[in-house]
Structure formats: C-alpha cells, structure tokens
Amino acid sequence: MNNTSIGNWNDRFAIPAIAQIVPGNGGLPKVQITSSAASAEIYLHGAQLTSWQPAGSEEVIFLSQQSHWEEGRAIRGGIPICFPWFRAKSDDAKAPAHGFVRTKAWKLEALTQEQDSVVITLATESDAESRKWWPFDFRLVHRITVGAELKLELIVSNTGSAPFHFEEALHTYNRVGDATNLRIAGLDGVAFLDNRDANKQKLQSGDVLLTQATDNAYLNTQSPVEIVDPVLKRRIRLEKQNSLTTVVWNPWQEDAAKLADLGDDEWRQMACVEASNILSGAVTLAPGKEHAMTAMIHVINNSAV
Ligand code: TA6
C-alpha cells in the first residue's frame, strides 16, 4: 500500500473531519472514524474492526499489543470474520483456522453518513486463491455502522450455480476489566458444546463465570447476551439477528501462553462473545440467494453490575 492508493481512497471516500483512510499498524490501510457519536478503526485487512469507543465510554474492543500486522496472518483482537468454516476445516488440517477471509485485504466499497453514524461497506469475493480451499463462488459484504451503538452486518451471497454450506462468526474480542471478575448473562438453560472437554454437550446453569480456559458453543440461541463488568462498571450487550449460535471464549493463562500474538497476561482483559452460525447452526445457501447475520453491540455505563 502506498500513499497514492491512500490518496485515491480519500479522494473517493473520505468524509472531512469524520472519516479518512490512513496507514495503520504494519502499514496496513485502515478507515479511521472520529465522529461526535464514536471513534473507531476498521482495517481493510480482513474487514476487521479493531477499535470502537462510543462518546462517554472507554474503549469497548480488545486488541492484543502483540498482534501480527501482515497479509496472510490474522489480527489478534478486534472483530475477526470467520468464514466459510469455524475453527479447523473438518476435512483439511492444512486449511487456515476460521477460514480464509480474515487474512486478506477486502475492497472498500462505500463510506457514508447516516444521521450521527458512519457506515463503512467492505466486500470480498471468491477467486482462484479461495477456490484452492473451497470450490464455491461467493460474495461477502461486511457493513459496519459506527455510532453510539455498533452494528455489524455480514451478508453472504451465493454467486455460483451450486448450493453451499458454510459456517460464520463475528468473533468479537470484548475489552473487560478482569476476566476473572465478570459474569456473562443471557445463556441460562442453553445447551452448549464444551470444546475444552471433547465437545461434550452440557447445559448452562445461570450466568457464565470464567474460572478456567473456556471455549463454549451455545446452540439454538438467538438471545441477547450481556457481559457484566464490575471492574469497568459497565455492561456490554450483544444482540443478534439470523444467528443461531453464540460462542464464549477465553484462553486463560495456559492457552494464552501458546499464542505468540497474545501477551501472557492479556487474557485477563478480554472476553470473546461471538454471534455465529456454526455446527448445527451452519447455513446452506442456494444459488442466487443471500444470508445476512447481524450483531448489534452497545455499552451501558455505570449500570448496576
Ligand atoms: O472462538 C473460539 C475459538 O474457536 C477457540 O477455539 C480458539 O481457537 C479461538 O477461536 C481463537 O482462534 P484463532 O484461530 O484466532 O487463534
């Protein structure tokens, strides 16, 4: 990426004093939003939001200080997009974890204002590289609305002649005061697969408390989920549409130590709660059809926690 492309992007898309494209970490281009309602940063790499701070709130999104910033590698933190599979590809151990769209540059298609929000539209589509891993034709649009609330829409279109079956996730790393001192409400009574215990099916009893490495896929649930954070004195609320599964993940000390792009103690400042369609929630899409999953995130400050 060079200054010419930055200049061209800004000529086409910049909103003076509100939104511009600038060189980010590793020289990767990012859209920088500084509106009265919120500030945010979205990298074209993976169409990945890495920061959202609504006016009057502290930063809501966690970003590792040890993340890699290069083509072909995922950013650690923010909101990675997992598509067209989640975790390892079931029939190919060599395939990239969480699919292949979070490690490539997406195309910036639009940057507009809607009332006091800024809407960023990014897209990617199948190509010779993607077909090496997954022999289907698709177009993916990620539309992000940055305002007092954060809205993420992931729209999958089948542009080919055969139906395809896919998984997807908006793998949100929420920034928390202390992962050992919070509760995650909204999943009481929901069945989940515990990926830390041979994916055994279990039943959630009460709020989710993080007391060890946790990697749960909650099934058949469209419920809102709240991270209740007594340290930062706030609740982060996730509402979702067209999403049948919710993933809760924290690597804890032992798994964090295995991640070169996550500081050994950074696990304490993060809690992943992910709108998704994985496992039994995976989607089959006919040719010419599209599927839109939406996540809405907002912060309630100084609430009774
Ligand atoms: O969302 C939970 C999870 O699937 C965990 O199993 C863990 O692998 C995490 O994603 C991080 O995956 P990544 O490939 O980004 O290291």
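Computed from a predicted structure; not experimentally measured. Remember, it's 1-based here, ligands and their atoms both numbered in the order they're listed.
Residue contact check: F86 has heavy atoms under 4.0 Å from atoms 1 (O), 4 (O) of ligand 1. The V247 neighbourhood of ligand 1 comprises atoms 1 (O), with distances under 4.0 Å to a heavy atom of that residue. Each of the atoms 1 (O), 2 (C) of ligand 1 lies under 4.0 Å from some heavy atom of E274.
The N/O atoms of H171, backbone and side chain alike, include one that comes under 3.5 Å of an N/O atom in ligand 1.
Note on ring orientation: taking the six-membered ring where Trp is involved, the planes of W69 and Y43 are tilted (angle from 30° to 60°).
Ion pairing between a basic and an acidic side chain is recognised when a charged N comes within 4.0 Å of a carboxylate O; R196 and D255 show such pairing.
Protein heavy atoms are absent from the space less than 4.0 angstrom from atom 8 (O) of ligand 1.
Remark: minimum distance from atom 16 (O) of ligand 1 to any protein heavy atom is reached at R76 NH2, 2.9 Å. The nearest protein atom to atom 11 (C) of ligand 1, hydrogens excluded, is given as W249 CH2, 3.7 Å; this is a heavy-atom distance. For atom 5 (C) of ligand 1, the closest non-hydrogen atom on the protein side is D215 OD2, 3.2 Å. Regarding atom 12 (O) of ligand 1, its nearest protein heavy-atom neighbour is H98 NE2, 3.2 Å.
In this structure, the side chain of N301 does not engage the main chain of R234 through any donor-acceptor pair within 3.5 Å. Looking at Q48, its side chain does come within 3.5 Å of a backbone N or O of G77 through a donor-acceptor pair. A donor-acceptor pair under 3.5 Å is absent between the side-chain atoms of H171 and the main chain of I81, judged by distance alone.
Note that CG of D261 is 12.0 Å distant from CD of Q65, once rounded to the nearest 0.5 Å.
In this structure, K258 falls outside the shell of residues with a heavy atom less than 4.0 angstrom from ligand 1.
Of all the heavy atoms of R102, the ones lying under 4.0 Å from any atom of ligand 1 belong exclusively to the side chain.
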Ring pair (Phe, Tyr, Trp, His ring centres under 6.0 Å) between F83 and F138, intermediate numbers included = CA-CA 11 Å; F83 176 87; F138 67 88; 5.2 Å; yes

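In this structure, L63 and S51 have side chains that are not in contact, with every pair of non-hydrogen atoms separated by 4.5 Å or more.
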